[in-house]
Amino acid sequence: MTLPLLSIANLNIHFHRGHSVMHPVRGLSLHVNAGECVAIVGESGCGKSLTALSIARLPPTDHASVSGELILDNTNLSTASPQTLNKLRGSTVAYVFQDTSGALNPVMRVGDQIAECLPHLAKAARHERVVELLTRVGLPAPHRQARAYPCQMSGGMQQRAMLAMALAGSPKLLVADEPTTALDVVTQRLVLDLIATIATADQLAVLLITHNLALAAERARRIYVMYGGQVVETGPSAAIITTPHHPYTHGLLAAVPRLTDPPRHRLRDIPGVVPGADNWPPGCPFAPRCPLATAKCHTTPLPTHHISTTHTCSCWHPLNHEVTPK
């Protein structure tokens with residue numbers, strides 16, 4: 001049996017602030033196979049980005065208490081030394097962040113920033129490789145773009161430059177954290193198509209972080225739905241979209257506008273907000289917002305329902321299916 005490229009088991013992240021403790025990720029488990037695209041979906045504040053950052057122990061997770069098992073390309077990240085983590089960053093796992101204006105240094109030329117990822121090459125070879133990468137991500141006039149500052153690029157061009165930087169080390173896993181934030185719909189599709197094309201050509205695994213369940217279903221093979229720092233439902237994309245079993249997953253799908261909606265149709269939403277990571281409810285974290293919640297939902301830990309061998313749901317009242325708690 002082939003082992004996953006990335007395997008996370010029972011991940012817990014704690015932040016200690018004075019006398020209070022924040023617990024943004026709780027008991028999370030997931031895996032990503034080589035060459036596979038997997039998505040983590042949920043609202044802001046559900047723990048998606050922190051989960052992704054914890055893989056390479058990037059800030060702020062480098063100052064958090066992180067427990068659980070994280071294995072990337074046969075390396076146990078839970079016990080890895082800082083030197084080992086440094087070697088893995090960029091060469092095994094690379095990131096495309098949602099805030100390109102914050103991720104790119106505004107006072108450095110784009111080509112110089114990409115070249116920093118290629119310290120093993122001579123100066124001339126670095127420049128040649130930078131131009132090659134900018135060409136591959138579809139930036140016009142790559143020699144000129146290499147000399148440009150981030151402020152001289154559009155949002156879509158900045159995101160392509162970030163992708164070029166991520167590809168510089170020929171990673172095996174690409175973490176794309178909301179890669180289409182602040183981009184228009186046409187540019188969003190172009191960027192996502194580009195990531196998919198490169199991933200297919202390089203047999204690159206992709207962990208896609210998004211709040212858009214429809215986008216995740218279109219791009220990913222499997223989906224993990226997160227809420228309250230936990231995975232509440234996971235399964236193949238088609239199963240999640242056609243037969244969602246968790247009320248939260250159903251609510252996310254219902255909130256997606258459709259072309260068949262009548263004029264002046266009122267968009268559906270999920271009432272309430274995600275609770276703070278230092279104030280999770282004792283039972284189901286979604287219970288305060290769930291229309292199906294009963295007394296035990298507010299006080300009792302969630303059962304895990306196995307809808308199929310690949311589809312699970314953690315809920316006391318799963319939808320559309322009669323199942324027995326494990």
Side-chain angles (χ1 to χ4, degrees), residues 3-18 20-34 36-42 44-100 102-105 113-114 116-120 162-163 165-179 181 204-210 224 226 228-231 277-278 280:
L3 294 176
L5 176 65
L6 171 68
S7 177
I8 300 176
N10 195 31
L11 174 66
N12 288 275
I13 301 177
H14 294 83
F15 289 96
H16 299 271
R17 295 183 177 177
S20 64
V21 178
M22 299 181 68
H23 196 175
V25 177
R26 306 179 291 165
L28 180 141
S29 297
L30 62 80
H31 71 276
V32 181
N33 298 315
E36 181 184 35
C37 181
V38 172
I40 303 178
V41 179
S44 296
C46 289
K48 309 184 302 298
S49 294
L50 282 176
T51 298
L53 292 170
S54 69
I55 298 170
R57 294 303 298 271
L58 296 178
T61 61
D62 58 336
H63 289 98
S65 296
V66 179
S67 63
E69 185 179 72
L70 295 92
I71 298 177
L72 175 63
D73 196 24
N74 298 318
T75 299
N76 190 337
L77 305 179
S78 307
T79 58
S81 65
Q83 293 77 14
T84 299
L85 289 173
N86 279 335
K87 290 179 181 178
L88 290 173
R89 294 167 183 152
S91 62
T92 303
V93 56
Y95 290 76
V96 174
F97 299 103
Q98 58 179 309
D99 182 13
T100 54
L104 292 171
N105 190 327
Q113 296 187 55
I114 299 174
E116 285 188 332
C117 303
L118 304 164
H120 58 288
M162 282 291 301
L163 179 58
M165 191 181 302
L167 296 174
S170 301
K172 297 181 180 180
L173 172 66
L174 178 68
V175 179
D177 188 357
E178 298 279 9
T181 297
L204 182 65
V206 178
L207 182 60
L208 176 65
I209 312 297
T210 180
Y224 291 86
M226 279 191 74
Q230 300 174 307
V231 172
D278 57 348
W280 298 129

**Q** How close do Ala166 and Leu174 get, heavy atom to heavy atom, and via which atoms?
**A** CB-CD1, 3.8 Å
**Q** Taking Ser29's backbone N and O only, do any of them form a donor-acceptor pair with Tyr224's side chain (distance below 3.5 Å, no angle check)?
**A** no
**Q** Looking at CG of Asn74 and OG of Ser7, how far apart are the two atoms once the value is rounded to the nearest 0.5 Å?
**A** 10.5 Å
**Q** Check side-chain hydrogen bond (donor to acceptor under 3.5 Å, both in side chains) between Arg57 and all other residues, then give those that pass, not counting sequence neighbours.
**A** none
**Q** Considering only residues two or more places apart or on different chains, which pairs with a residue in residues 77-96 satisfy ring-ring contact (aromatic ring centres under 6.0 Å, His included)?
**A** Tyr95-Phe97
**Q** Among side-chain atoms of Ser81 and Thr84, is any donor-acceptor pair under 3.5 angstrom?
**A** yes
**Q** Please find the pair of heavy atoms, one from Lys48 and one from Gly42, that lie closest to each other, and give the distance.
**A** NZ-O, 3.0 Å
**Q** Any pair with a residue in residues 70-84 that passes salt bridge (Lys or Arg N to Asp or Glu O under 4.0 Å), sequence neighbours left out, goes on the list, sorted by first then second residue, please.
**A** Asp73-Lys172
**Q** Taking side chain as C-beta onward, heavy atoms only, is Leu173 less than 4.5 Å from Leu204?
**A** no
**Q** Within this structure, what is the CE-CG distance for the pair Met162 and Leu104, rounded to the nearest 0.5 Å?
**A** 5.5 Å
**Q** Quick check: do Trp280 and Gln230 have side-chain heavy atoms less than 4.5 Å from each other?
**A** no
**Q** State which residues pass ring pair (Phe, Tyr, Trp, His ring centres under 6.0 Å) with His14; sequence neighbours excluded, sorted by chain then number.
**A** His23
**Q** For Gln98, check side chain to side chain contact (heavy atoms under 4.5 Å, CB included) against everything at least two apart and list the hits.
**A** Ser49, Asp177, Glu178, Thr181
**Q** Would you say Leu11 and Thr51 make side-chain contact, with heavy atoms under 4.5 Å?
**A** yes
**Q** Answer whether the closest heavy-atom distance between the side chains of Ile8 and Leu28 falls below 4.5 Å.
**A** yes
**Q** Any side-chain heavy-atom pair from Val41 and Leu208 closer than 4.5 angstrom?
**A** no
**Q** Please find the pair of heavy atoms, one from Thr92 and one from Pro171, that lie closest to each other, and give the distance.
**A** O-CB, 3.7 Å
**Q** So, does Asn33 use its side chain to make a donor-acceptor pair with the main chain of Glu36 at under 3.5 Å?
**A** no
**Q** List the atom of Val25, the atom of Gly47, and the distance in Å for their closest heavy-atom pair.
**A** CG2-O, 3.8 Å
**Q** Looking at residues at least two apart in the chain, or sitting in another chain, which of them share a side chain to side chain contact (heavy atoms under 4.5 Å, CB included) with Ser78?
**A** Leu70, Asn76
**Q** Looking at residues at least two apart in the chain, or sitting in another chain, which of them share a side-chain hydrogen bond (donor to acceptor under 3.5 Å, both in side chains) with Asn86?
**A** Arg89
**Q** Suppose we screen for side-chain hydrogen bond (donor to acceptor under 3.5 Å, both in side chains). Which residues come up paired with Ser170, at least two apart in sequence or across chains?
**A** none
**Q** Begin from the C-alpha positions of Leu77 and Leu85 and carry the test side-chain contact (heavy atoms from CB on, under 4.5 Å) through to its verdict.
**A** CA-CA 7 Å; Leu77 305 179; Leu85 289 173; 4.1 Å; yes
**Q** Between Leu72 and Val93, is there a side-chain heavy-atom distance shorter than 4.5 Å?
**A** yes
**Q** If we check side chain to side chain contact (heavy atoms under 4.5 Å, CB included) with Phe15, which of these qualifies: Val21, Leu50, Asp278?
**A** Leu50
**Q** Listed by chain and number, what are the side-chain hydrogen bond (donor to acceptor under 3.5 Å, both in side chains) partners of Gln113, not counting sequence neighbours?
**A** none
**Q** Considering non-hydrogen atoms only, spot the tightest contact between Ala205 and Val32 and give its length.
**A** CB-CG1, 3.9 Å
**Q** Under 3.5 Å, which donor-acceptor pairs link side chains of residues 60-69 to any protein atom two or more places apart or in another chain?
**A**
unit_1: Thr61; atom_1: OG1; unit_2: Leu53; atom_2: O; d: 3.4
unit_1: Thr61; atom_1: OG1; unit_2: Leu58; atom_2: N; d: 3.3
unit_1: Thr61; atom_1: OG1; unit_2: Leu58; atom_2: O; d: 2.5

**Q** Which residues pass the side chain to side chain contact (heavy atoms under 4.5 Å, CB included) test with Ser20, sequence neighbours left out?
**A** Arg17
**Q** Between CE of Met226 and CG of Leu30, what distance do you get to the nearest 0.5 Å?
**A** 8.5 Å
